[in-house]
Amino acid sequence: MSDSIAGFISDVDEDGALAEVRKALDAGADPLGLVEALRAGMSTVGNRFEAREYFLPDLILSAEIFNQSVALIEPHLKGTGGPSKGSVVIGTVQGDVHDIGKNIVATMLRCAGYEVRDLGIDVAPGSFVDTAKETGASLVALSGLLTVAFDSMKDTVAAFVEAGTRDSVKIIIGGGPVNETVLEYCGADAYGKDPSEAVALAERFLA
Amino acid sequence: MKATKLIHEKDTMTSEQRLQAVINLQVPDRVPVSHRIYYFAAKYAGVDNADLYDAATWNSAIDKCFRDLGPWDLYAPWNFYHVEVLSLIFPMKVLEPGIGLPRDAIHQYLEEEIMPFEDYQWIMKMAKQIPDLSFLRLVMRWLPKIWGHVQPGIRGYAYMMPRLLDHLITWRRDFMRWSKEGVIPLAGAGVEAAFDSFSMARGLVNFSRDLKKHPDLIAGAADAMTAGNLYLITSAARILGVKRAAIALHRSSNDFISPDTFRKLSLPSLKDLVERLKAQGRPSVLHCDGNWDLNFEALRELPAGCAVVELDGTSDIFKAKEIIGDRMCIAGDVPADLLALGSTTEVDEYCHRLIEEVGKGGGFILSSGCEVAPNAKPENVKTMMESVVKYGYYNR
């Protein structure tokens, strides 16, 4: 059953995946096992995206399937959804309200086993700093689609420096116009050009 | 309106002749230079972005850019005199400077559903009944969902039509003003391609689901919109006095969809529109945001010598030259981040490379990759404009 759930997700079959999750829950399947199956399916989706077999709509829809499935499974989970591989704070930087890319990255990170605190959109530099401190997160992911977001990313990195916590976090950036030049400008640690790269960066920095 | 003034001393062609030559894939006297400046002008002139809806403020700001940083041959008109007119082209909820955002912010779109799923069927039925008016009927159905003050039905039309007309007439005045400087618009009337329009109006999550489960409905509704898009373009073009039509493709790049999806669902209605425009002697300017590398091959299906492909710095423009350079004019692609963060030397080097490689044999317009970022360095914009004089003449 777990295999078929992973299969439905990796084929981005929304109806099939949700029906299979419901069936498994009705049959008393181990909820943690189901979450693992969802993660395995999402991992395949990520691999296919990297190989350019899949494109953005496949990522968006599979993230939707994952979130809907987790919502079905959650009431059956006792405690957490499994051991966390680390904490990540994510948000769209100040002055920018775009969140599609950020939401996909947040879901992909959750799928990969990270505990994600999503601060939403238009997030002030200080909120990133405070939340990283509060959660003990050692990875902060900044998203932005606009070129004016470059300055907000730079300000956010500077806020960590000012708070004296820059050395305790790795800061990664992503979003449409982000590249090596922007990375250098903001003083972050790395950038990812798509959600798969964001997960790879988390694996690298939180290993 | 004729722009007869030559832009630079060594020029032997007017901007109109130069643009015609590159669209026809011929070699002009020099590489033409264009741009898409909007918010940058406000910052440069020291006014709020919210004030750019005022024609006098906009013209004063862009004139300052022209005097200090120009001249340029062409420009992609991107200023709107009524906020709702922008929503006729981009059917998405939007936060505007001064309306939901600070007066100096730039507008931002919200991914919310404007088009319910049932509209695919509705569009196909409606467009059969009133093909020419289908664009107007559709956007006026959506507009009240974007702007609460626009009422549904006849009151909505009564509110919008004078504003649309005023916008077009003011653009025409702008075009005439620029023609005295020898400058012409790259395109006049424009639409968002039908496929892309649905992607925006449905919202990305809904549209992703539609692509998976209902591709036939998307294709059918997109095909049905061609007559309405054509009618809007030709009607507006009569007022504007510009034959070249802009077709925006914000959601057809490979950042959004696969090349297979592009070929099956987006290209057919695009091709139909471009061919029908060509039959009327109207070149198309395809605004191709995002990465189009895997779509270039499919673009070869469009008729040769009647389209400009505008790239934004995300696609590989050098690859574009190899694959479609013999079929269509390429415009681009000095990237936003280079203009904002690069040095003048870096901008100069990149423009030089574009002129030498993409400009080889003609069929090229040097331009900013999409919009010049508001935080672009003015000296970088000037360097871009000057590079066509430095490197762009074909008979050096």
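Chain identifiers are assigned alphabetically (A, B, ...) following the order of the sequence lines, protein sequences preceding nucleic acid strands; residue numbering begins at 1 within each chain.
- Comparing Asp13(A), Val12(A), Leu56(A) by heavy-atom pairs within less than 4.5 Å of chain B, the highest count is held by Leu56(A).
- Tested against Phe262(B) for a ring-ring contact (aromatic ring centres under 6.0 Å, His included), the candidates Phe256(B), Phe195(B), Trp292(B) yield a single pass: Trp292(B).
- Heavy-atom distances place no part of Val178(A) under 4.5 Å from chain B, backbone and side chain included.
- With respect to the salt-bridge test (charged N to carboxylate O, under 4.0 angstrom), the residues Glu36(A) and Arg39(A) qualify.
- Contact tally against chain A (heavy-atom pairs below 4.5 Å) for Leu211(B), Asp312(B), Val205(B): the top residue is Val205(B).
- Of the two parts of Phe150(A), only the side chain, counted from C-beta on, holds a non-hydrogen atom closer than 4.5 Å to a non-hydrogen atom of chain B.
- Remark: Met384(B) CE to Leu354(B) CG distance equals 10.0 Å, nearest 0.5 Å.
- If you run side-chain hydrogen bond (donor to acceptor under 3.5 Å, both in side chains) between Lys102(A) and each of Thr92(A), Thr107(A), Asp118(A), Asp96(A), only Asp118(A) comes through.
- Sorted by first and then second residue, the salt bridge (charged side-chain N to carboxylate O under 4.0 Å, His left out) pairs involving residues 196-222 of chain B (not counting sequence neighbours) are Glu14(A)-Arg209(B), Glu14(A)-Lys213(B), Asp15(A)-Lys213(B), Glu64(A)-Arg209(B), Glu113(B)-Arg202(B), Arg202(B)-Asp210(B).
- Under the 4.5 Å side-chain criterion, counting only non-hydrogen atoms from C-beta, Ser62(A) is in contact with Met42(A).
- In this structure, His35(B) has its ring center no closer than 6.0 Å to that of Phe40(B).
- Near-neighbour residues of residues 90-101 of chain B relative to chain A, defined by a heavy atom under 4.5 Å from a heavy atom of that chain, comprise Leu95(B).
- Looking at Leu338(B), neither its backbone nor its side chain comes within 4.5 Å of chain A, counting heavy atoms on both sides.
- No part of Leu59(A) comes within reach of chain B, as not one of its non-hydrogen atoms sits under 4.5 angstrom from that chain.
- Residue Ser196(A) holds its OG atom at 7.5 Å from CG of Asn47(A), rounded to the nearest 0.5 Å.
- The distance from the OG1 atom of Thr314(B) to the CG atom of Asn254(B) is 11.5 Å, given to the nearest 0.5 Å.
- Contact of Asn375(B) with chain A is made through the side chain alone, with heavy-atom distances under 4.5 Å.
- By the 6.0 Å contact criterion, CD on Glu197(A) is enclosed, its count of non-hydrogen atoms from other residues, nucleotides or ligands being greater than 12.
- Atom OG of Ser10(A) and atom CD1 of Ile65(A) lie 9.5 Å apart (nearest 0.5 Å).
- Between chain A and the residues Leu110(B), Leu294(B), Thr261(B), the most heavy-atom pairs under 4.5 angstrom are made by Leu294(B).
- Heavy atoms of Asp194(A) lying under 4.5 Å from chain B are absent altogether.
- For the set Thr181(A), Asp58(A), Asp151(A), the count of heavy-atom pairs under 4.5 angstrom toward chain B peaks at Thr181(A).
- Looking at Ala373(B), both its backbone and its side chain come within 4.5 Å of chain A, counting heavy atoms on both sides.
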